[in-house]
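Residue numbers run from 1 in the order of the sequence given. Only this structure's heavy atoms are used, side chains among them; waters, hydrogens and symmetry mates stay out.
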Amino acid sequence: MKIEFAKSLSGHDKDQIYLIWKKEGRFAYLVDGRLHKTEKPKKKSEKHYQIVKHIPESVREMLEESELWNDDVIRRAVKAYERITNQ
């Protein structure tokens with residue numbers, strides 16, 4: 001699975017970081033492991049989110065090491081990304 005993060009550009013969740021769970025046409029299904037879990041991802045139009053170009057190596061490794069991406073792994077990865085980028 002390709003590792004992609006997205007930043008919400010509009011809505012009540014503006015500036016929130018998500019992991020892109022899957023894409024269908026012009027929509028993406030976003031998860032954060034907390035409010036939007038893998039069984040009920042947030043559907044967002046491509047014009048309302050921006051793909052994060054640079055993912056820190058430690059966050060990428062965290063996701064690559066995990067065999068199964070569950071909500072706990074996703075939540076830790078999103079938190080780690082926010083902690084690293086907000087320093």
Side-chain angles (χ1 to χ4, degrees):
M1 183 178 227
K2 186 177 180 183
I3 299 171
E4 285 186 300
F5 280 90
K7 179 180 178 181
S8 175
L9 297 176
S10 63
H12 71 280
D13 63 341
K14 184 177 180 182
D15 296 329
Q16 179 70 33
I17 300 296
Y18 295 99
L19 178 73
I20 297 177
W21 189 245
K22 69 177 180 177
K23 291 183 180 180
E24 285 182 357
R26 63 185 191 97
F27 292 99
Y29 292 88
L30 310 174
V31 294
D32 64 2
R34 196 172 46 94
L35 295 175
H36 300 286
K37 298 185 178 198
T38 55
E39 59 271 355
K40 190 161 168 75
K42 180 175 187 68
K43 183 178 180 182
K44 206 154 182 86
S45 172
E46 65 184 6
K47 65 182 178 179
H48 294 135
Y49 69 88
Q50 178 180 19
I51 293 180
V52 174
K53 300 276 187 208
H54 175 70
I55 300 172
E57 193 60 36
S58 59
V59 175
R60 183 178 301 281
E61 288 173 1
M62 180 187 303
L63 289 168
E64 288 173 349
E65 288 173 359
S66 178
E67 293 177 18
L68 177 66
W69 287 4
N70 59 26
D71 292 319
D72 291 333
V73 172
I74 293 168
R75 182 175 47 251
R76 279 188 268 130
V78 169
K79 269 187 159 181
Y81 174 83
E82 290 173 339
R83 193 173 332 115
I84 290 168
T85 58
N86 290 333
Q87 289 182 351

Rounded to the nearest 0.5 Å, how far does [atom2] of [Y] lie from [atom1] of [X]?
{"X": "Lys7", "Y": "Tyr81", "atom1": "NZ", "atom2": "OH", "result": "7.5 Å"}
{"X": "Ile55", "Y": "Arg60", "atom1": "CD1", "atom2": "CZ", "result": "4.5 Å"}
{"X": "Leu63", "Y": "Leu19", "atom1": "CG", "atom2": "CG", "result": "6.5 Å"}
{"X": "Gln16", "Y": "Leu35", "atom1": "CD", "atom2": "CG", "result": "7.5 Å"}

Inset, instruction - Please check if the side chain of Trp69 supplies one atom and the backbone of Ile74 the other of a donor-acceptor pair under 3.5 Å. - result: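 Not at all, since once roles are kept as given, no pair shorter than 3.5 Å links the two residues.
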Legend entry - Reference residue Phe5; test side-chain contact (heavy atoms from CB on, under 4.5 Å); the match among Ile51, Val59, Ile20: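 Per the side-chain contact (heavy atoms from CB on, under 4.5 Å) rule, the option paired with Phe5 is Val59, out of Ile51, Val59, Ile20.
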Legend entry - Phe27: which of Lys43, Glu46, Lys22 passes side-chain contact (heavy atoms from CB on, under 4.5 Å):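 Answer to the side-chain contact (heavy atoms from CB on, under 4.5 Å) test with Phe27 among Lys43, Glu46, Lys22: Lys43.
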Inset, instruction - Could you list all the salt bridge (Lys or Arg N to Asp or Glu O under 4.0 Å) pairs where at least one residue sits in residues 26-40, not counting sequence neighbours? - result: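 As it turns out, there is no salt bridge (Lys or Arg N to Asp or Glu O under 4.0 Å) pair with a partner in residues 26-40 once direct neighbours are skipped.
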Inset, instruction - Output every pair passing salt bridge (Lys or Arg N to Asp or Glu O under 4.0 Å) with a member in residues 75-87, not counting sequence neighbours, ordered by first then second residue. - result: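 Output for this query lists Asp72-Arg75.
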Inset, instruction - Using the ring-ring contact (aromatic ring centres under 6.0 Å, His included) rule, collect all pairs that involve residues 29-51, keeping only residues at least two apart or in two chains. - result: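 Every pair satisfying ring-ring contact (aromatic ring centres under 6.0 Å, His included) with a residue in residues 29-51: Tyr18-His36.
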Inset, instruction - Would you check, one step at a time, whether the test side chain to side chain contact (heavy atoms under 4.5 Å, CB included) holds for Lys44 with Asp13? - result: CA-CA 11 Å; Lys44 206 154 182 86; Asp13 63 341; 3.3 Å; yes
Legend entry - Single-linkage hydrophobic cluster, 4.5 Å side-chain cutoff, Ile3 and Met62 together: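 No, it is not one cluster - the side chains of Ile3 and Met62 are not joined through contacts under 4.5 Å.
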Inset, instruction - Could you tell me which non-hydrogen atom of Val78 sits nearest to which non-hydrogen atom of Ile17, and how far apart they are? - result: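 That closest heavy-atom pairing would be CG1-O, 3.7 Å.
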